[in-house]
Colleague: 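Let me begin by handing over the structure; questions about it come next.
Order of the sequence lines sets the chain letters (A, B, ...), proteins ahead of strands, with each chain counted from 1.
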Number of protein chains: 2
Amino acid sequence: MVKTSIEMDKAAMVLKLLGDKTRLTMVKLLENNDCCVCEFVEIFQASQPSISQHLRKLRDVGLVKEERRGQWIFYSINQDNAYYPFVEHILKQVPNQDHKLKELEANGTRITCC
Amino acid sequence: MVKTSIEMDKAAMVLKLLGDKTRLTMVKLLENNDCCVCEFVEIFQASQPSISQHLRKLRDVGLVKEERRGQWIFYSINQDNAYYPFVEHILKQVPNQDHKLKELEANGTRITCC
DNA sequence: TGCTTATATAAGCAAATTATTATATAGTAA
DNA sequence: TTACTATATAATAATTTGCTTATATAAGCA
């Protein structure tokens with residue numbers, strides 16, 4: 001714990017952010033992969049605005065960053081974020097989700113961008 | 001992670017439960033202390049029904065248990081709960097809150113029950 | 001017994017969250 | 001240029017959450 005410990009209200013805020021199955025899975029995927037929005041739309045079978053809004057929440061606290069590549073926007077973990085060490089610990093407790101990306105490929109659903 | 005890892009939707013559910021400053025602090029206090037409801041009411045300066053409702057959510061997932069002692073009801077962590085190992089890891093990342101109980105004593109606000 | 005204290009629960013409401021629908025922006029390609 | 005694709009944002013609707021107020025239950029005590 002020492003001096004680097006996260007404050008209580010910040011911790012609660014981050015936990016609430018991760019306390020949603022979609023966002024938790026997103027962050028877990030981003031731990032090992034850069035993903036573009038269309039992949040998330042496929043994986044979660046959700047509407048594009050819904051996915052964008054989840055990503056925005058993650059972006060707003062600085063946990064992920066975006067990068068345009070041509071017409072696609074890729075998201076990745078922002079390891080420099082102050083909350084990342086805390087998040088990392090939590091993610092370690094949670095099962096790997098990379099099979100969700102594999103399934104996209106298998107389906108041939110993995111789209112142009114990837 | 002191995003075979004004991006928590007499922008994604010369960011993990012999200014637990015994170016959401018802890019994603020509230022009051023509940024997170026409660027659980028952190030209960031990590032080292034048994035507490036009665038009136039202590040929580042004092043500590044959080046919240047109404048008694050509000051505290052009871054937070055405790056109920058924690059009880060509903062089995063993370064805490066209650067025990068009547070005379071006219072008071074004491075809450076404690078249920079270490080046997082399936083989610084406890086996950087919760088424990090998170091609590092380790094969060095600052096100790098025991099000073100909140102100390103302050104009750106100092107104030108003389110620490111009531112009859114304790 | 002009746003009164004008081006501690007706690008839980010139910011009902012109602014306001015605030016916050018999530019999803020949907022519609023529209024805007026930016027890139028790519030004809 | 002126009003048309004199309006990928007994404008973001010805004011407005012709105014639906015759902016969930018957390019608080020308050022009121023009431024119920026259970027223990028202790030006169």
Side-chain angles (χ1 to χ4, degrees), chain A residues 8-9 12-27 29-30 34-76 104 109-114, chain B residues 8-9 12-27 29-30 34-76 104 109-114:
Chain A
M8 231 37 194
D9 49 354
M13 180 272 287
V14 170
L15 293 172
K16 187 197 250 174
L17 189 70
L18 298 182
D20 173 279
K21 199 184 172 184
T22 301
R23 286 192 299 266
L24 182 61
T25 307
M26 280 176 162
V27 175
L29 280 166
L30 293 174
D34 289 10
C35 296
C36 89
V37 179
C38 58
E39 288 179 288
F40 286 136
V41 170
E42 273 305 316
I43 288 174
F44 297 109
Q45 292 288 301
S47 72
Q48 174 268 314
S50 171
I51 294 298
S52 270
Q53 286 166 46
H54 283 300
L55 286 168
R56 176 134 86 118
K57 291 192 183 186
L58 296 171
R59 214 172 358 105
D60 281 351
V61 318
L63 233 124
V64 306
K65 48 191 183 185
E66 51 168 335
E67 181 203 344
R68 179 175 283 274
R69 297 186 202 161
Q71 71 195 293
W72 299 286
I73 293 181
F74 280 75
Y75 280 83
S76 57
L104 281 198
T109 332
R110 193 153 186 183
I111 340 185
T112 31
C113 60
C114 315
Chain B
M8 230 41 194
D9 50 352
M13 179 273 286
V14 171
L15 293 171
K16 187 197 248 175
L17 189 71
L18 298 182
D20 173 280
K21 199 183 174 185
T22 301
R23 286 192 298 267
L24 182 61
T25 308
M26 279 177 164
V27 176
L29 280 166
L30 292 175
D34 289 9
C35 296
C36 88
V37 179
C38 59
E39 288 179 289
F40 286 135
V41 170
E42 274 305 315
I43 287 174
F44 297 108
Q45 292 288 303
S47 73
Q48 175 268 314
S50 171
I51 294 299
S52 269
Q53 285 163 32
H54 283 300
L55 286 168
R56 175 133 87 118
K57 292 191 182 187
L58 296 172
R59 216 176 352 109
D60 281 351
V61 318
L63 232 121
V64 306
K65 49 192 180 181
E66 51 168 334
E67 183 204 340
R68 180 173 283 274
R69 297 186 201 162
Q71 71 194 290
W72 299 286
I73 294 182
F74 279 75
Y75 280 84
S76 58
L104 282 197
T109 331
R110 194 155 187 181
I111 342 187
T112 32
C113 60
C114 317

Colleague: Would you mind building the protein contact string for nucleotides 23-30 of chain C? One character per nucleotide, 5' to 3', B for base within reach (heavy atoms under 4.0 Å), S for sugar-phosphate only, - for untouched.
Modeller: ----SS--
Colleague: Whole angstroms only, please: what is the CH2-P distance between B/W72 and D/dA27?
Modeller: 14 Å
Colleague: Quickly work out the B/E39 CD to C/dA6 P distance and round it to whole Å.
Modeller: 12 Å
Colleague: For A/K21, enumerate each residue passing the side chain to side chain contact (heavy atoms under 4.5 Å, CB included) test, keeping only those at least two apart in sequence or located in another chain.
Modeller: A/T25, B/M8, B/D9, B/A12
Colleague: Mind listing the closest non-hydrogen atom pair of A/L15 and B/L18 along with its distance?
Modeller: CD1-O, 3.6 Å
Colleague: Let me have the donor-acceptor pairs involving side chains of residues 43-51 of chain A, under 3.5 Å, with sequence neighbours excluded, atom names and distances please.
Modeller:
unit_1	atom_1	unit_2	atom_2	d
A/Q45	NE2	A/E42	O	3.0
A/S47	OG	A/S50	N	3.2
A/Q48	NE2	A/S52	OG	3.2

Colleague: Would you mind reading off the distance between B/R56 atom CZ and C/dA11 atom P, rounded to a whole angstrom?
Modeller: 11 Å
Colleague: From CG of A/L58 over to C1' of D/dA8, roughly how many Å is that when rounded to an integer?
Modeller: 15 Å
Colleague: What is the distance, to the nearest angstrom, from the CZ atom on A/F44 to the C1' atom on C/dT18?
Modeller: 15 Å
Colleague: In what stems does DNA chain D take part, counting only runs of at least 3 consecutive Watson-Crick or G-U pairs whose two distances fall under 3.5 Å?
Modeller: C:1-30 with D:1-30
Colleague: Base, sugar-phosphate, or nothing for A/Y75, non-hydrogen atoms under 4.0 angstrom?
Modeller: sugar-phosphate
Colleague: Please confirm whether the shortest side-chain N or O distance from A/S47 to OP1 or OP2 of C/dT20 is below 4.0 Å.
Modeller: yes
Colleague: In whole Å, what is the span from the NZ atom of B/K21 to the C1' atom of D/dC19?
Modeller: 17 Å
Colleague: Would you say a side-chain N or O of B/R69 is under 4.0 Å from OP1 or OP2 of D/dA26?
Modeller: no
Colleague: Please enumerate all protein N or O atoms sitting under 3.5 Å from an N or O of nucleotides 14-18 of chain D, with distances to 0.1 Å.
Modeller:
unit_1	atom_1	unit_2	atom_2	d
D/dT17	OP1	B/K16	NZ	3.2
D/dG18	OP1	B/D20	OD2	3.3
D/dG18	OP1	B/R23	NH2	3.3
D/dG18	OP2	B/R23	NH1	3.2
D/dG18	OP2	B/K57	NZ	2.3

Colleague: What is the distance, to the nearest angstrom, from the CD atom on A/E67 to the C1' atom on D/dT7?
Modeller: 15 Å
Colleague: Could you give the side-chain donor-acceptor pairs of residues 58-70 of chain B under 3.5 Å, partners two or more places apart or in another chain?
Modeller:
unit_1	atom_1	unit_2	atom_2	d
B/R59	NE	B/Y75	OH	3.4
B/R68	NH1	B/G70	O	3.2
B/R69	NH2	B/D34	OD2	3.0

Colleague: Between B/T22 and B/F40, is any pair of side-chain heavy atoms under 4.5 Å apart?
Modeller: no
